[in-house]
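All values below were derived from every heavy atom in this structure, side-chain atoms included, with hydrogens, water molecules and symmetry-related copies excluded.
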There are 2 protein chains.
Amino acid sequence: MGRQDRRTMPLFPIGIVQSLTDLSARQIRYYEEHGLIHPARTGSNRRLFSFEDVDRLLEIKELIDKGVNLAGIKEMMAQKEVRASTLKSEHNESENVKKDLSDRELREMLKQEIFEAGRLNKASLRQGELSRFFH
Amino acid sequence: MGRQDRRTMPLFPIGIVQSLTDLSARQIRYYEEHGLIHPARTGSNRRLFSFEDVDRLLEIKELIDKGVNLAGIKEMMAQKEVRASTLKSEHNESENVKKDLSDRELREMLKQEIFEAGRLNKASLRQGELSRFFH
DNA sequence: CAATAGATGTTAGGTTTTTTAACATATATT
DNA sequence: AATATATGTTAAAAAACCTAACATCTATTG
């Protein structure tokens, strides 16, 4: 939960996001207009982007560079969403299993999870996604 | 090196830092004026704060809340600096030692380092420092 | 080929944020 | 009582951001 908050916490105004993604403000707003991203807003209507938003923009940019049009990108994002929630529900199943384990086993699994987190972190640096880069 | 860049990369305008730290802009600028933080500037002279800067501000805030005055905080920061560079040079020594190890040993140490990174991460969540929170 | 749709650039006018500098205030120290 | 410290408040200018409109370029389609 905490980790999700961090990925989705609104932090960056559009200017920072421009320099982070090398996209123009026009492009960023256009992608929002077409539902590819959903940045938060401040009380005074400024856009505020999370790490997750910036990640999505970087993915969008890559696909744009490959010649994929917005419809295609939208579709790919949607499919990715499906895959993610599938994985999540699978993960939840294994979480339920955990409920029946002994303390010792739990501690062992926790150690392993922390280790895996670190390992994944390292591995993901290669694919240039920002929030992973920053986590 | 990459990790250092991430901690020190200028990302946040002062407005975000205000909401992140619950300090007033006046306070933040005053602390800069007195050398407690050194935020970067954009080409157009706006302050841009890194995770490290925000961390420092959170530390400053804690000390302020404890009644420490700026001179005291400055001193504590300086001492902390000394401790950090001591640790760093110690770390460098152990890095030098590594140069003479076998591949197998190197791989083992790397695993251990990654694990430690994860462990430290967890532990530090309690003390409310932002960049650790986000790493 | 002409018309249309998609993606981005550019411009204009208005609002918000940030900056520095100055002055005000409250509290602690001398 | 005077001074120093820390912060608030205000003003004016510069920069960033907002929406909306119009322009341009490219690809597709009739």
Side-chain angles (χ1 to χ4, degrees), chain A residues 9-54 56-79, chain B residues 9-54 56-78 130:
Chain A
M9 184 173 183
L11 288 174
F12 309 110
I14 199 169
I16 300 291
V17 177
Q18 284 187 67
S19 63
L20 246 30
T21 61
D22 269 304
L23 292 167
S24 69
R26 182 69 167 91
Q27 286 176 296
I28 296 171
R29 296 194 189 107
Y30 187 73
Y31 301 154
E32 179 190 20
E33 196 179 328
H34 288 71
L36 294 182
I37 50 172
H38 308 281
R41 297 284 180 133
T42 68
S44 64
N45 202 35
R46 259 78 180 139
R47 270 168 266 255
L48 272 193
F49 298 77
S50 65
F51 279 117
E52 197 166 75
D53 292 323
V54 179
R56 283 178 80 93
L57 285 172
L58 288 173
E59 292 179 44
I60 291 168
K61 186 186 162 70
E62 275 191 29
L63 292 171
I64 289 280
D65 289 348
K66 287 179 187 162
V68 182
N69 67 10
L70 284 214
I73 296 176
K74 204 177 220 167
E75 187 57 30
M76 296 183 68
M77 301 286 233
Q79 301 216 356
Chain B
M9 183 173 184
L11 289 174
F12 308 111
I14 199 168
I16 299 290
V17 177
Q18 284 187 66
S19 63
L20 246 29
T21 61
D22 269 303
L23 292 167
S24 70
R26 184 68 167 91
Q27 285 177 295
I28 296 171
R29 297 195 189 104
Y30 187 73
Y31 301 154
E32 179 189 21
E33 195 179 328
H34 288 72
L36 295 183
I37 50 172
H38 308 282
R41 297 285 179 133
T42 68
S44 64
N45 202 35
R46 260 79 181 138
R47 272 167 263 254
L48 272 193
F49 299 77
S50 65
F51 278 117
E52 196 166 76
D53 292 324
V54 179
R56 283 178 81 95
L57 285 171
L58 288 173
E59 291 179 45
I60 291 169
K61 187 186 161 72
E62 275 191 29
L63 292 171
I64 290 280
D65 288 349
K66 286 180 186 162
V68 182
N69 66 11
L70 285 212
I73 296 175
K74 203 177 219 166
E75 186 57 31
M76 296 182 67
M77 301 284 235
L130 189 79

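- Between D/dC17, C/dA7, D/dT19, one nucleotide has an atom nearer to the side chain of A/Asn69 than all others, and that is C/dA7.
- No contact: A/Thr42 has no heavy atom under 4.0 Å from any strand.
- Between the CD1 atom of A/Ile16 and the P atom of C/dT17 there is a distance of 16 Å, rounded to whole Å.
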task: Check step by step if side chain to side chain contact (heavy atoms under 4.5 Å, CB included) holds for B/Leu70 and B/Ile64.
output: CA-CA 8 Å; B/Leu70 285 212; B/Ile64 290 280; 3.8 Å; yes

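- Closest approach to the B/Arg46 side chain among C/dT8, D/dT7, C/dT19 is made by C/dT19 (side chain taken as heavy atoms from C-beta onward).
- Here A/Tyr30 reaches the OP1 or OP2 of C/dA7: one of its side-chain N or O atoms lies under 4.0 Å away.
- A straight line from CD1 of A/Ile14 to C1' of D/dA15 spans 15 Å, rounded to a whole angstrom.
- Backbone-only contact: A/Arg47 has heavy atoms under 4.0 Å from sugar-phosphate atoms and none from a base.
- Heavy-atom minimum distance, B/Ile16 versus A/Leu11: CD1-O, 3.1 Å.
- Considering only side-chain atoms of A/Gln18, the nucleotide from D/dC17, D/dT19, C/dT19 that sits closest is D/dC17.
- Taking the six-membered ring for Trp and thresholds of 30 and 60 degrees, B/Phe12 and A/Phe12 have nearly parallel ring planes, at less than 30 degrees apart.
- Protein atom CD of B/Glu32 is 11 Å distant from nucleotide atom C1' of C/dT19, rounded to whole Å.
- Two residues are said to be in side-chain contact when any heavy atoms from C-beta on lie closer than 4.5 Å; A/Glu32 and A/Pro39 meet this criterion.
- Between the NE2 atom of B/His34 and the P atom of D/dA6 there is a distance of 7 Å, given to the nearest Å.
- Regarding contacts with the backbone of C/dA7, every side-chain N or O of A/Tyr31 stays at 4.0 angstrom or more from both OP1 and OP2.
- In the set C/dG9, D/dG8, D/dT19, C/dG9 carries the atom at the smallest distance from any side-chain atom of A/Gln27.
- The nearest whole Å value for the distance from the CG atom in B/Leu23 to the C1' atom in D/dG8 is 14 Å.
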task: Report the C-alpha distance between A/Arg41 and A/Arg47 in whole Å, list the side-chain angles of each, state the deciding distance to 0.1 Å, and finish with yes or no for side chain to side chain contact (heavy atoms under 4.5 Å, CB included).
output: CA-CA 5 Å; A/Arg41 297 284 180 133; A/Arg47 270 168 266 255; 2.8 Å; yes

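- Two residues, A/Pro13 and A/Arg26, neighbour DNA chain D, and the one matched to the more 5' nucleotide by heavy-atom proximity is A/Pro13.
- Between the C1' atom of D/dT19 and the CZ atom of A/Arg29 lies a distance of 8 Å, rounded to the nearest Å.
- Across the protein-nucleic acid pair, A/Leu36 atom CG and C/dG6 atom P stand 14 Å apart, rounded to whole Å.
- The nearest whole Å value for the distance from the CD1 atom in B/Ile60 to the P atom in D/dA6 is 12 Å.
- The side chain of A/Ser44 approaches C/dT16 more closely than any other nucleotide in the set D/dG8, C/dT16, C/dT18.
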